Amino acid sequence: MSKFQAPKGVSEYFPPLSSRFEFVRNHLAASAQTAGYQLIELPVFEDTELFKRGVGESTDVVSKEMYTFEDRGGRSITLRPEGTAGVMRSVIEHNLDKGQLPVKLWYSGQFFRAERPQAGRYRQFYQVGIEAIGANDPQIDAEVISVAWRGFKAIGLKNFRLDITSLGDGASRAAHRVDLLRFFDTLDLDEATRARAALNPLRLFDDKRPEIQTAMSKAPRLLDYLSEESAAHFAKVQSLLTSFGIPFVVNPLMVRGLDYYTGTTFEFVHEGLGAQSGIGGGGRYDGLMAQLGGSDLSGIGFGIGVDRVVLAAEAEGLFVDDESARTGVDLFLIALGEDSKDEVAVLVNSLRDAGISSDMAYGDRALKGAMKAADKSGARYSLVVGENELSSGEATLKDMSSGEEQAIRIGDLSSTVSSLLSSEKKRN
RNA sequence: GUGGUCGUAGCUCAGCUGGUAGAGCACUCGGUUGUGGUCCGAGAUGUCGCGGGUUCGAGCCCCGUCGAUCACCCCA
């Protein structure tokens, strides 16, 4: 086929269903703004080294899923596979952390991972995320989680749950790791599994094979190795979530795939999605900023997959009525006869100047066809303007949902329509 | 990267054991000389994903390829 196709594994949203994407993204962004997070708009590509150092070379994301290429100046560039590293880079580069702390930022945009596409897994996906940098109070952990929660609730999602755990601090993890590796020695693992364990021993906790799961049920758990401080912090986060009325389950088997996570980590899981059930996740990354050459500030954030949330909302049937919810213009004008088209175009243009959304029938359509176009567009009112109207200065304004008509003066069109619209708003 | 399923009109799909394409919806026009949503009538649209092979003949069989989809892996 000679026709162009979208690249493999990308999702696209076009009318009328693009309104679903818009709906989800806007609610998530609004939730972040409500909690005092400010927009940061970043490039979609960065120095490859940033992700290697930030995300970690041993992770699957960095070792085999990055879109990396050389630019014309011979620099190694990578399409961002996640958001946190870029935010940290920008904060450090522009000294955003030199003022009041914490720095609270939100972002949205496309991310890229060269994986085999699957339900809810795309090579280009869209995330809304937030980062709170420079505060390690448990209150901010709870806040970050609550922002995601509030966003999901605003969208109307119900069938999801929140898993949380704590990875503790460096000492906690080191102690655990020793015992965990010792435990692995008692198991009879195949080579591939052993290799995975070597990369990240925690990985085996979420292995899907039943025999591994049984074996791992006896493995030492990181939660039991938390230092006193980490344990107290985690306990506080839990009690705050409870006070916020946010239900959660402590899942000690939860594993996150990026190396920078420390302390509190969490994941939102939706039931209606198939294998890729995570709709959002995040956690603390206390060493990351120093690791990238900045000051040693703690941080916590999340990334929410907008594509997956759209899928989840669809699975819950939240969009049954969106065909009719399509937003139409306030007024749709129909020119009758070639001669009145110019006049109508001028009318439409001045209506728009007055802030009234309006459109007109284009092309050579009979009145019936033009009326149909007005109907399809979802317009609130329509108005036919032909020779008669132009000479008399009067026209008939039609309410498209009730079918009622009323005579109006063309000269007063924008004021008449805007008062109709505002009285309508009052009634609702 | 590995494996299963699938690929026919704009959309959803039918097409018997191979005999060279159909329905519904949508679209356009008309019934109603200047008024949409219902109804009736008419019309247009396909290199049957692409390339090759088998055959007198392929939408159907075989191979390859691209894409979709689902799972592994991994994650949003």
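Below, read A as the first sequence line, B as the second, and so on, with proteins coming before strands; counting in each chain starts at 1. Quick caveat: nothing in here was measured; it's all calculated off a predicted structure.
If you find the closest nucleotide of RNA chain B to A:P117 and to A:R123, the one lying nearer the 5' end belongs to A:P117. Nearer the 5' end of RNA chain B, as judged by each residue's closest nucleotide, is the contact made by A:E404, out of A:E404 and A:D307.
Atom P of B:U8 sits at a distance of 24 Å from the matching atom of B:G53, rounded to the whole Å. B:C48 and B:G67 have their C1' atoms separated by 16 Å, given to the nearest Å. A gap of 27 Å separates the P atoms of B:A26 and B:U69, to the nearest Å. Annotation: B:C73 and B:U2 have their C1' atoms spaced 9 Å apart (nearest Å). Across B:C66 and B:G51, the matching C1' atoms stand 10 Å from one another, rounded to whole Å. Spacing between B:C25 and B:G41 at atom P, rounded to whole Å, works out to 11 Å. Nucleotides B:C16 and B:G34, compared at atom P, are 47 Å apart to the nearest Å. Rounded to the nearest Å, the gap between the P atom of B:C62 and that of B:G18 is 11 Å.
A straight line from CD of A:E131 to P of B:A76 spans 12 Å, rounded to a whole angstrom. The distance between atom CD of A:E405 and atom P of B:U35, rounded to the nearest whole Å, is 10 Å. Put simply, CZ on A:F152 is 10 Å from C1' on B:A76, counting in whole angstrom units. Rounded to whole Å, the distance from OH on A:Y122 to C1' on B:C74 is 16 Å. Rounded to whole Å, the distance from CG on A:L383 to P on B:G36 is 15 Å. Distance CG (A:L17) to P (B:U12): 12 Å, rounded to an integer number of Å. We find that CD1 of A:I155 is positioned 14 Å from C1' of B:A76, with the value rounded to whole Å. Whole-Å rounding puts the A:I212 CD1 to B:C73 P distance at 11 Å.
Between the side chain of A:K398 and the base of B:G36, a donor-acceptor pair under 3.5 Å is found. You won't find any donor-acceptor pair under 3.5 Å spanning the side chain of A:E267 and the base of B:A76, going by distance alone. No hydrogens or angles were tested; on distance alone, a donor-acceptor pair under 3.5 Å links the side chain of A:R121 to the base of B:C74.
Looking at A:E115 and A:R123, no side-chain N of the basic residue comes within less than 4.0 Å of a carboxylate O on the acidic one, giving no salt bridge. With respect to the salt-bridge test (charged N to carboxylate O, under 4.0 angstrom), the residues A:R89 and A:E46 qualify. Here A:D60 pairs with A:R203 in a salt bridge; the nearest charged N to carboxylate O distance falls below 4.0 Å.
If you check the side chains of A:Q124 and A:Y67, you find no donor sitting under 3.5 Å from an acceptor. With no hydrogens or angles considered, a side-chain donor-acceptor pair links A:T68 and A:T78 at under 3.5 Å. For the 3.5 Å distance criterion, the side chains of A:D359 and A:S377 fail to qualify, holding no donor opposite an acceptor.
For B:G18, there is no paired nucleotide, since no Watson-Crick or G-U wobble pair has both relevant distances below 3.5 Å. Pairing for B:U65 is with B:G49, a Watson-Crick or G-U wobble pair whose two hydrogen-bonding atom distances lie under 3.5 Å. As the counterpart of B:A71, B:U2 is assigned, both hydrogen-bonding distances of the Watson-Crick or G-U wobble pattern falling under 3.5 Å. Pair assignment for B:A26: none, as no Watson-Crick or G-U wobble contacts are both less than 3.5 Å.
Within the 4.0 angstrom heavy-atom criterion, no nucleotide atom of any strand lies near A:T59. A:R256 comes within contact range of the sugar-phosphate backbone alone, with a heavy-atom separation under 4.0 Å but no base atom that close. Residue-level contact check: A:G403 touches the bases, meaning some heavy atom is under 4.0 Å from a base atom. Counting non-hydrogen atoms under 4.0 angstrom, A:G129 reaches nothing in the nucleic acid. Among the atoms of the strands shown, none is found under 4.0 Å from any heavy atom of A:G363. Within 4.0 Å of A:A119, counting heavy atoms only, lie sugar-phosphate atoms of the nucleic acid but no base atom. Residue contacts shown for A:E82 are absent, as no nucleic acid heavy atom lies under 4.0 Å away. Using a 4.0 Å heavy-atom criterion, one finds that A:G281 contacts the sugar-phosphate atoms exclusively. Backbone-only engagement by A:I279 is indicated by non-hydrogen atom pairs under 4.0 Å involving sugar-phosphate atoms exclusively.
Shown are A:L28, A:I130, A:I40; of these, the side chain to side chain contact (heavy atoms under 4.5 Å, CB included) with A:W106 is made only by A:I130. None of A:D375, A:D399, A:D330 except one satisfies the salt bridge (Lys or Arg N to Asp or Glu O under 4.0 Å) rule with A:R380; the exception is A:D399. Partner A:F266 forms a side chain to side chain contact (heavy atoms under 4.5 Å, CB included) with one of A:N251, A:T165, A:I145, A:D141 and no other, that one being A:I145.
Listed nucleotides B:C75, B:A71, B:A76 differ in distance to A:Q127; the shortest reach to its side chain belongs to B:A76. In the set B:U28, B:C73, B:U35, the nucleotide with an atom closest to the side chain of A:M371 is B:U35. Closest to the A:R308 side chain, of the nucleotides B:A71, B:U28, B:A76, is B:A76. The listed nucleotides are B:C73, B:G30, B:A76; the one nearest the side chain of A:A366 is B:G30. Listed nucleotides B:U35, B:G67, B:A76 differ in distance to A:Q5; the shortest reach to its side chain belongs to B:G67. Distance from the side chain of A:L367 is smallest to B:G34 among B:A26, B:G34, B:G67. Comparing B:U35, B:G36, B:C72 by their nearest atom to the side chain of A:R116 picks out B:C72. Of all nucleotides listed (B:G34, B:C72, B:A76), B:G34 comes nearest to the side chain of A:E389.
Residue ring and base: A:F125 counts as stacked with B:A76 (centre distance below 5.5 Å, interplanar angle below 30°).
Under 4.0 angstrom from either OP1 or OP2 of B:U28 there lies no side-chain N or O belonging to A:K368. Phosphate proximity of B:A71 to A:Q118: present, with a side-chain N or O under 4.0 Å from OP1 or OP2.
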